[in-house]
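Whatever order the structure lists them in is the order used to number ligands and atoms, beginning at 1. This structure is a prediction, so every number in the text was calculated from the model and none was measured.
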Amino acid sequence: MENQVEGKKKKMGLSTKIFIALIGGALAGVLIHYCIPEGYFRDTILIGGVLYVIGQGFILLMQMLVVPLVFCSLICGSMAIGDTKTLGRVGIRTVLFYLATTACAVVVALSVALLINPGTGLQMDAVETTEVSVAESTSFADTLLNIIPKNPISSLADGDMLPIIVFALFVGIMLAKLGPKASTVSDFFSQFNDVMMETTMAIMSVAPIGVFCLIAKTFAEIGLSAFLPMLKYMAVVIIALLIQCFGVYQIFLFLFTRLNPIRFIRKFFPVMLFAFTTATSNATIPMSIDTLEKKIGVSRKISSFTIPLGATINMDGTSIMQGVAVIFIAQIYGISLSTSDLLTVIAVATLASIGTAGVPSVGLITLSMVLTSVGLPTEGIALIMGIDRILDMLRTAVNITGDAVCTTIVSSQNKALDREVFARED
Ligand code: ASP
């Protein structure tokens with residue numbers, strides 16, 4: 001009992017600690033940037049040494065868990081659900097929600113951008129540009145085929161989320177079918193799953209230190225001057241992200257589950273902060289699953305499937321940046337877009353979201369696909385690259401919130417939501 005109380009106290013403290021670390025890290029970063037002179041000590045020892053090693057080490061620790069955790073918890077989840085019909089229903093609903101929220105996100109982005117016109121009246125020479133290299137894109141047919149793992153072991157080794165999900169679903173369903181005959185294998189996976197969840201909690205306890213270093217490094221590196229000419233573009237992206245996160249999602253959440261959106265945000269906020277600091281949806285998977293289960297009451301049967309899937313295919317924040325970037329670049333180059341161009345942007349940005357991996361900056365790469373679809377020059381990406389990091393952090397927080405909201409809705413529809421857990425004060 002005493003342990004429980006102690007555990008609770010410690011857990012409550014963690015969210016606050018992460019928040020304090022975030023603010024403290026930002027302040028420390030700005031101080032380092034402006035108060036310590038450029039040179040070996042600041043750039044190599046402090047920023048590129050201490051802050052980089054601790055911050056990156058923390059992200060790596062979280063990433064270390066992703067593949068084994070997703071694999072084991074998905075096997076356990078699909079084994080617990082058992083029948084393929086329910087799994088299919090959950091899958092279809094989730095994918096539909098993901099696509100619908102992404103399309104909404106692009107519409108919000110285009111509307112705000114067309115209202116504020118971020119690209120008009122911009123002094124081009126004031127913008128710092130960076131060289132762009134555009135990655136080759138895979139065809140839609142190949143993207144679809146790549147979901148089936150030719151060799152599951154190499155998918156696991158490469159951390160390819162979609163093939164891992166497919167393979168784990170097969171294993172889980174077959175284990176459910178075989179029942180006691182395969183109890184050794186199912187016991188192994190559920191016990192290994194427990195080990196991974198415990199490890200997640202252990203690593204989370206050092207999150208404040210990791211968050212502090214990551215944020216301090218980011219702020220120490222970026223001077224504020226690069227932002228000034230881009231403020232209008234940034235403002236449009238941020239407004240659209242806020243509308244999506246605190247408007248669209250919360251309306252969806254309330255309509256489908258009747259849960260209190262403010263309480264939802266309060267409970268999920270630490271995960272958003274974590275995504276913000278790391279700009280990596282993938283690394284957020286373990287913390288998301290854990291928080292959804294312990295604070296929101298979402299069963300892991302559902303989240304073990306929908307959260308990794310969302311971190312891979314559902315990037316609403318990213319498609320918001322892409323929608324705004326399209327308008328911004330079109331305005332800069334003086335190219336006008338027709339209504340059918342805008343519809344193309346909605347469709348292609350929704351697809352690009354599926355192809356965007358949950359790691360930093362990938363949204364910029366898939367942006368080239370959206371730009372090309374309406375005949376805009378991909379060189380335009382160079383204009384927004386310099387200031388993208390901050391927006392990447394913000395959109396990643398929105399990306400994973402979208403996954404969590406959809407997951408909560410799908411759980412509620414499948415009677416896998418414990419409302420008492422949600423109602424509990426923590
Ligand atoms: N950093 C984003 C994520 O991990 C992807 C992106 O937009 O670049 O969700």
Residue and atom name of the nearest protein heavy atom (relative to [atom]), distance in Å to one decimal:
atom: atom 8 (O) of ligand 1; value: Gly363 N, 2.7 Å
atom: atom 3 (C) of ligand 1; value: Ser281 OG, 3.3 Å
atom: atom 5 (C) of ligand 1; value: Val359 O, 3.5 Å
atom: atom 1 (N) of ligand 1; value: Asp392 OD1, 2.7 Å

With a 3.5 Å distance limit and no angle check, can you tell me whether [X] reaches the backbone of [Y] through a side-chain donor-acceptor pair?
X: Tyr98; Y: Ile354; answer: no
X: Ser304; Y: Ser73; answer: yes
X: Arg395; Y: Leu241; answer: no
X: Arg42; Y: Ile47; answer: no
X: Asp388; Y: Ser361; answer: no
X: Thr277; Y: Phe274; answer: yes
X: Asn414; Y: Val410; answer: yes
X: Thr44; Y: Phe41; answer: no

Mind checking whether [X] contacts ligand 1 via backbone (N, CA, C, O), side chain (CB onward), both or neither, at a 4.0 Å heavy-atom cut-off?
X: Ser361; value: backbone
X: Met321; value: neither
X: Pro360; value: backbone
X: Thr280; value: backbone

statement: Atoms of ligand 1 under 4.0 Å from any heavy atom of Thr318, numbered from 1 in the order shown, are 5 (C), 6 (C), 7 (O)
task: Any atoms of ligand 1 less than 4.0 Å from a non-hydrogen atom of Asn399? List them with their elements.
output: 2 (C), 3 (C), 9 (O)
Does the N or O separation between [X] and ligand 1 drop below 3.5 Å for any pair?
X: Ala357; answer: no
X: Asn282; answer: no
X: Thr396; answer: yes
X: Val362; answer: yes
X: Met315; answer: no

- request: Find out whether the Lys NZ or Arg CZ of Arg258 is both under 6.0 angstrom from the six-membered ring centre of Phe254 and within 45° of the ring's axis.
  value: yes
Aromatic ring proximity, centroids under 6.0 angstrom, Tyr249 and Phe264: no
